[in-house]
Q: 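I have a structure here, written as structure tokens, and I will follow up with some questions on it.
Counting starts at 1 for both ligands and their atoms, in listed order.
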Amino acid sequence: MKGVTHLRLDKFIVDAGIASRTEVARAAKNGGVTVNGEVVRRAGSHIDPLIDVIKYCGREVVYREFTYVMLNKPEGYVSSTDDDKSPTVMTLLPDDLQRIGLFPCGRLDKNTLGLMILTNNGPLSHKLLAPKSHVDKKYRFTVKFPISESDKESLESGVDIGGYVTAPCHVEMLDDTNGYITLTEGKYHQIKLMAKAVKNQITYLERVTFGPIELDTSLSRGEWRYLTEGEQTALEERGKRN
Ligand code: URA
């Protein structure tokens, strides 16, 4: 917060991760935004985040330097900020959120579904993705052919995916072709290559957790929401561990 002396009211609330700019403008117009107890109807007014007490719909807004978004990624979107050929996950966010420097924290293949976290907190993202952080990522998968007990053991202890032997991981089968796999690393196409290493093929892949964050199953594919304060704190705390 050092150096921030005044800020647009709407930007302050948007950056706190509780509403979009359009929602703030609407709430302000309807008297739902107060600065030091006074109703402020102009969302573009300036405030001092170090001194002023801002309330949005009765709730005090705590300044957050960074924004964190959870997205339920659908098939067909690439997890980068721009791409010449395919739509990116960024296009699933409203314009306001496309302008604050968000980027995906980690990648999912174009046809992989599920949990994506987008943030503009570069240092935290870097820490969470660093190999030495060993952040757990859990995926729901389906394979084409039944997984035998010895395939499961191979996957769990490590398989060669083209010159690299994967780190130990956890596999939990629901039946012989469906299960969960939890990795602590994230090599390119890792799960697909691991399946290939045991002469199998992934036909469905969905990420369900990333570190302490679980996919909110009330989000439909393509829908997003801000991380709650509890989730933001859990993620920031996870970034501090190694
Ligand atoms: N492993 C894969 O093969 N693809 C993903 O998208 C994620 C993990």
Q: If the condition is salt bridge (Lys or Arg N to Asp or Glu O under 4.0 Å), which residues does Glu236 pass it with, not counting sequence neighbours?
A: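 Glu236 satisfies salt bridge (Lys or Arg N to Asp or Glu O under 4.0 Å) with Arg64 once adjacent residues are dropped.
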
Q: Answer yes or no for Lys199 and Phe145: cation-pi contact, defined as NZ/CZ to six-membered ring centre under 6.0 Å and angle to ring axis within 45°.
A: no

Q: Residues sharing Ile117's hydrophobic cluster, by side-chain heavy-atom contacts under 4.5 Å among ILVMFWY, directly or via others?
A: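 Members alongside Ile117: Phe66, Tyr68, Met70, Leu115, Leu124, Leu128, Leu129, Val135, Phe210, Ile213, Leu215, Leu219, Leu227, Leu235.
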
Q: May I have the list of side-chain donor-acceptor pairs in residues 25-38 shorter than 3.5 Å, sequence neighbours left out?
A:
from, atom 1, to, atom 2, distance (Å)
Asn30, ND2, Arg26, O, 3.3
Asn36, OD1, Val53, N, 2.7
Asn36, ND2, Asp52, OD1, 3.0

Q: Answer yes when Lys85 and Asp83 have at least one side-chain N-carboxylate O distance shorter than 4.0 Å, and no when they do not.
A: no

Q: Does Lys73 use its side chain to pair, donor to acceptor, with the backbone of Lys110 at less than 3.5 Å?
A: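 Indeed, once roles are kept as given, a pair shorter than 3.5 Å links the two residues.
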
Q: Output the set of protein residues with a heavy-atom contact under 4.0 Å to ligand 1, ordered first by chain identifier and then by residue number.
A: Leu108, Asp109, Thr112, Tyr139, His189, Gln190, Ile191, Lys192, Leu205

